[in-house]
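To keep things clear, I will list the structure first and then write my remarks on it.
Every value quoted in this text rests on a predicted model; they were computed, and no experiment measured them. What's counted below: heavy atoms across the whole structure, side chains too, no hydrogens, waters or symmetry copies.
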Amino acid sequence: MKYDFKAIEGKWQKAWEEKGAFHAKNDYTLPKFYALVEFPYPSGQGLHVGHPRSYTALDVVSRKKRMQGYNVLYPMGWDAFGLPTENFAIKNKIHPKIVTENNVARFKSQLMSLGLSFDWSREINTTDEGYYKWTQWIFLQLFKKGLAYKSKMAVNWCTSCKCVLANEEVVNGVCERCGSEVVRREKSQWMLKITAYAQRLIDDLQLVDFIDRVKVQQTNWIGRSEGAEVDFDTTAGDILTVYTTRPDTLFGATYMVISPEHPIIEKWADKISNMDEVKAYQVEASKKSDFERTELADKKEKTGVEIKGVRAYNPVNGKEIPIFISDYVLITYGTGAIMAVPAHDTRDWDFAKKFNLPIIEVVAGGNVQEEAFTDVATGIMVNSDFLNGLEVADAKVKITEFLTENNKGHKKVNFKLRDWVFSRQRYWGEPIPLINCEKCGWVAVPEESLPLTLPEVPSYEPGADGESPLASLDSWVKCTCPQCGGPAERETDTMPQWAGSSWYFLRYCDANNPDALASKEALDYWMPVDWYNGGMEHTTLHLLYSRFWSKFLYDEGILSNPEPYAKRTSHGMILGENGEKMSKSRGNVVNPDDIINEYGADTMRLYEMFIGDFEKAAPWSSQGIKGCKRFLDRFSAMCDLAKGNGVTECLESSFHKTIKKVTEDIDNLKANTAIAAMMALINEVYDAGTLTMDELATFTRLLCPFAPHLAEEVWSEVLHMDGFCSLAQWPEYDESKTVDATIEVAVQICGKLKGTMNFAADADKDTMLAAVKADERFAKLIDGKTIVKEIVVPGRLINIVVK
RNA sequence: GCCGGUGUGGUGGAAUGGCAGACGCGACGGACUCAAAAUCCGUUGGUAGCGAUACCGUGUGGGUUCAAGUCCCACCACCGGCACCA
């Protein structure tokens, strides 16, 4: 058969679409399989060759599952709110909606041309009113449960763009867009209380099959630590509470440090004798950019000012100790105050050296005048009164009991995870559906009036003071309070891009439902997602946010499972031909359209699956792809060899082995070795010079998930089968026929390979050993020596150890 | 600094503790061709040898084992994440 991929691919893509071949069925009695890939942000650049790696991998899995009889949901959509679209709109004076429509159209036609088996009847777009209605609805449920709150907090402020930046928009302390300095600025922001779910987000990782590095990264990001809060009395009369993971070292606390932003400073203002100095330090700290702070941290150069006029008492021995302010203590973690134990903490040690503060050893084992001794595993307590002689772990327990009994502290768990800053002063996002009333405070927009649609504005640019473009629109801002009917003002901020993607996998279950985010039946049937593949870059943001929202919806009774994804895998990047990351500036970008045009979608798919270990980065090779094209050429040429029915004797076992290998490898995300097995099989067929139509039909079905267009063409035109190959039954193998009748066994003498011998598969140990000893190649190596040990590994090797 | 990961021919990469280098690319030789491309057949880890064969070989150094790319210990290099989180 001639392989005219251009004719074939268009033909079958059209046929699949017309027949709705890949639409998931709404029959909830069937066994289901929900495969999910991260929906793309439809950028102006079009599809990158990296996108199809993930999409094809789960397309292969989905196609195989479909052939195995599962009701498969493999959906696609558009995560279309976001900055680049808005920036393009500002620059070119086009409505972001139009920009989005154009980009989506381009992306969709590119995805279509890859022959991916998406269910396009469930296509979603986060910028559709019918979609973001439910994004807003979920936000309102969070608000009603007290999980959304407005708070003044320090944000990233770009001095040039005059606007607030998200953390991910700050790269190395400068603005990602313009490269200008970013400073901290207090601003009132909507926050989501993800910290309320911190413990469950860690614990429930046990329930899911995520690759290890994802679990580890999430756990580290959430950053649980166990310790104690300790109350220090002060000469000012107030109690100063600290958090520490090392309560055992309390006797070594020789001073305290509080963050420059700590509110108690204001309270003590009239008692502090060097208030000018303290104030000056506070101002300086607030001016420091992230970049400067990190740089100083690297050099471990500590700064600070002693608070004169107020001192603290160590609760275990009543000793009076000084209090400092320093920016190495963060207001956002713990209590914003620490007890400093220079002998056993490197940061405190650096600070103590610089300010000449006493260093008292309380855990033996190091030389604390030379460096901090931080090893908790081996130390024994000293200079610690009733803790002396205890091991660190025991001392922790004992001191915590002591503090609790004496009402001076208690056990405490802390997390590094912060609440989620949820507002953006931007146009192209979901409006936050809240109204501020002087009398009633923040009031939710009534649910029945959702979606709260984005209004038309004269300009998409943020205001001079970093206000959302919506703030300049009086008709938007001025409204009436839904509660009391009095005059009120609308929230003008919009949601971050992460909002729409935090629940999109739920919408696919019932994508066109106007009455709910999805019906309960659909959610109960399809959820959780059986297999979710995506990038490592989303581990601590999207993946964590969407787990949080799912847990909330579970608590609300909307979902029946606390975890949204049963399994999570991650793909490696496709690099440029030179081994570097693909980018315009490096000039190493490969355009998928060009590849499809030159080699066809099937070759493109096959190559992306064959390129290497799926989880690792791999460089593109314009030579390598030719090998995959050659394989498909050889496959279509092989069709001409097929005649008759039944089984070709010399190929039978190879076919069974290949079916087994391909079936197992697809489930284990090892498409590369599955393809290698098929290449090996085709080589064998060519050696044999013949195969039957039945065997060709088997091979065609094996190839179908990888190169579906060619498989359909052979199925229909060579094999004359009815229906789609893509929906045909997946081939099965007979385990007994995957075993060869005779097996080549390695023969070692003293662990060194000396040759091989063939044996019947069921040959017993003694027969094999006798045969080896009778073979003159090995006999001469054994003769005259004592046999120490004989090892026989059935089907693999024989090792005779002699002396 | 802390937490992960990776390291195998010229190259992308295979290898439940059991014949290292499957499969592909490239290279070399041959067939076909007026010629080239394409295709087909063969060879291809290194060193020595005409050869059978021998020795060496999975980042480095040790160890466990009849047997180590794989397990253990120490180190080196690179990649990713976090980073003054008390």
Does A:Lys302 make a side-chain donor-acceptor contact with the base of B:rC84, cut-off 3.5 Å? yes
In whole Å, I'd like the distance from the [atom1] atom of [X] to the [atom2] atom of [N].
X: A:Asp212; N: B:rG4; atom1: CG; atom2: P; result: 10 Å
X: A:Leu544; N: B:rG81; atom1: CG; atom2: P; result: 17 Å
X: A:His262; N: B:rA86; atom1: NE2; atom2: P; result: 17 Å
X: A:Ile749; N: B:rA67; atom1: CD1; atom2: P; result: 14 Å
X: A:Trp620; N: B:rG24; atom1: CH2; atom2: C1'; result: 14 Å
X: A:Lys215; N: B:rC3; atom1: NZ; atom2: C1'; result: 17 Å
X: A:Glu598; N: B:rA38; atom1: CD; atom2: P; result: 13 Å
X: A:Met638; N: B:rU39; atom1: CE; atom2: P; result: 17 Å

Just jot down the salt bridge (Lys or Arg N to Asp or Glu O under 4.0 Å) partners of A:Glu361, sequence neighbours excluded, or say none. none
[atom1] spacing across the pair [N] / [M], given as an integer number of angstrom:
N: B:rU70; M: B:rG17; atom1: C1'; result: 7 Å
N: B:rA20; M: B:rU8; atom1: C1'; result: 8 Å
N: B:rA77; M: B:rC56; atom1: C1'; result: 24 Å
N: B:rC25; M: B:rU39; atom1: P; result: 9 Å
N: B:rC78; M: B:rA83; atom1: P; result: 23 Å
N: B:rA36; M: B:rA31; atom1: P; result: 11 Å
N: B:rG30; M: B:rG69; atom1: C1'; result: 36 Å
N: B:rU6; M: B:rU44; atom1: C1'; result: 28 Å

Is there a side-chain contact between [X] and the phosphate of [N], meaning an N or O under 4.0 Å from OP1 or OP2?
X: A:Arg213; N: B:rG81; answer: no
X: A:Gln217; N: B:rG81; answer: no
X: A:Arg630; N: B:rG26; answer: yes

At under 4.0 Å between heavy atoms, what does [X] touch on the DNA or RNA strands: base, sugar-phosphate, or nothing?
X: A:Ser225; result: sugar-phosphate
X: A:Asn683; result: sugar-phosphate
X: A:Arg634; result: sugar-phosphate

Syn/anti label of B:rG9 as read from its glycosidic torsion, with the cut at 90° from 0: syn
Measure from NZ or CZ of A:Lys629 to the centre of the six-membered ring of A:Tyr599 and say whether it is under 6.0 Å with the direction within 45° of the ring axis. no
Check this for me, if you would: do A:Lys354 and A:Asp350 make a salt bridge, where the nitrogen-to-carboxylate-oxygen distance has to be below 4.0 angstrom?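 Between A:Asp350 and A:Lys354 there is no salt bridge, as every charged N stays at least 4.0 Å from the carboxylate O atoms.
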Which residue pairs pass the salt bridge (charged side-chain N to carboxylate O under 4.0 Å, His left out) test with at least one member in residues 211-224 of chain A, sequence neighbours excluded?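 Non-adjacent pairs meeting salt bridge (charged side-chain N to carboxylate O under 4.0 Å, His left out): A:Arg213-A:Glu615, A:Arg224-A:Glu226.
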Reading nucleotides 43-53 of chain B from the 5' end, what letters show protein touch, with B for base, S for backbone sugar-phosphate only, - for no heavy atom under 4.0 Å? -----------
Donor + acceptor pair across side chains of [X], [Y] (<3.5 Å):
X: A:Thr195; Y: A:Arg418; answer: no
X: A:Ser225; Y: A:Asn414; answer: no
X: A:Thr303; Y: A:Tyr281; answer: yes
X: A:Glu261; Y: A:Ser259; answer: yes

Aromatic centroids of A:Tyr255 and A:Phe351 separated by under 6.0 Å: yes
Pair A:Phe610 + A:Phe706: ring centers closer than 6.0 Å: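 Ring centroids of A:Phe610 and A:Phe706 are no less than 6.0 Å from each other.
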For RNA chain B, stems built from three or more consecutive Watson-Crick or G-U wobble pairs below 3.5 Å: B:1-7 with B:76-82, B:10-12 with B:23-25, B:26-31 with B:39-44, B:45-48 with B:53-56, B:59-63 with B:71-75
Between A:Met679 and A:Ile338, just flag the one whose closest nucleotide in RNA chain B comes earlier from the 5' side. A:Met679
Between A:Thr244 and A:Ala677, which residue's closest nucleotide on RNA chain B lies nearer the 5′ terminus?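 With A:Ala677 and A:Thr244 compared, the 5'-side residue is A:Ala677.
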Can you tell which of [options] lies closest to the side chain of [X]?
X: A:Lys752; options: B:rC3, B:rC56, B:rC84; answer: B:rC56
X: A:Thr245; options: B:rC84, B:rA86, B:rG4; answer: B:rA86
X: A:Lys754; options: B:rC55, B:rC66, B:rC23; answer: B:rC55
X: A:Trp221; options: B:rC55, B:rC82, B:rA86; answer: B:rC82

Could you state the interatomic distance from CD (A:Glu598) to CD1 (A:Ile625), rounded to the nearest 0.5 Å? 8.0 Å
Closest heavy-atom pair and its distance - A:Tyr3, A:Ser636: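 Closest pair (atom of A:Tyr3, atom of A:Ser636, distance): CB-OG, 3.2 Å.
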Contact list for residues 667-689 of chain A, test side chain to side chain donor-acceptor pair (under 3.5 Å), sequence neighbours left out: A:Lys64-A:Asp667, A:Arg634-A:Asn683, A:Ser654-A:Glu684, A:Asp665-A:Thr673
Polar pairs (N or O, both sides) under 3.5 Å between protein and nucleotides 12-22 of chain B?
unit_1 : atom_1 : unit_2   : atom_2 : d
B:rG12 : O2'    : A:Ile611 : O      : 2.7
B:rA14 : OP1    : A:Asn672 : ND2    : 3.1
B:rU16 : O4     : A:Arg796 : NE     : 3.3
B:rC19 : N3     : A:Glu744 : OE1    : 3.4
B:rC19 : N4     : A:Glu744 : O      : 3.3
B:rC19 : N4     : A:Glu744 : OE1    : 3.0

Between A:Asp740 and A:Thr742 (side chain of the first, backbone of the second, donor and acceptor by atom type, cut-off under 3.5 Å), is there such a pair?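 Looks like no, no N/O pair under 3.5 Å.
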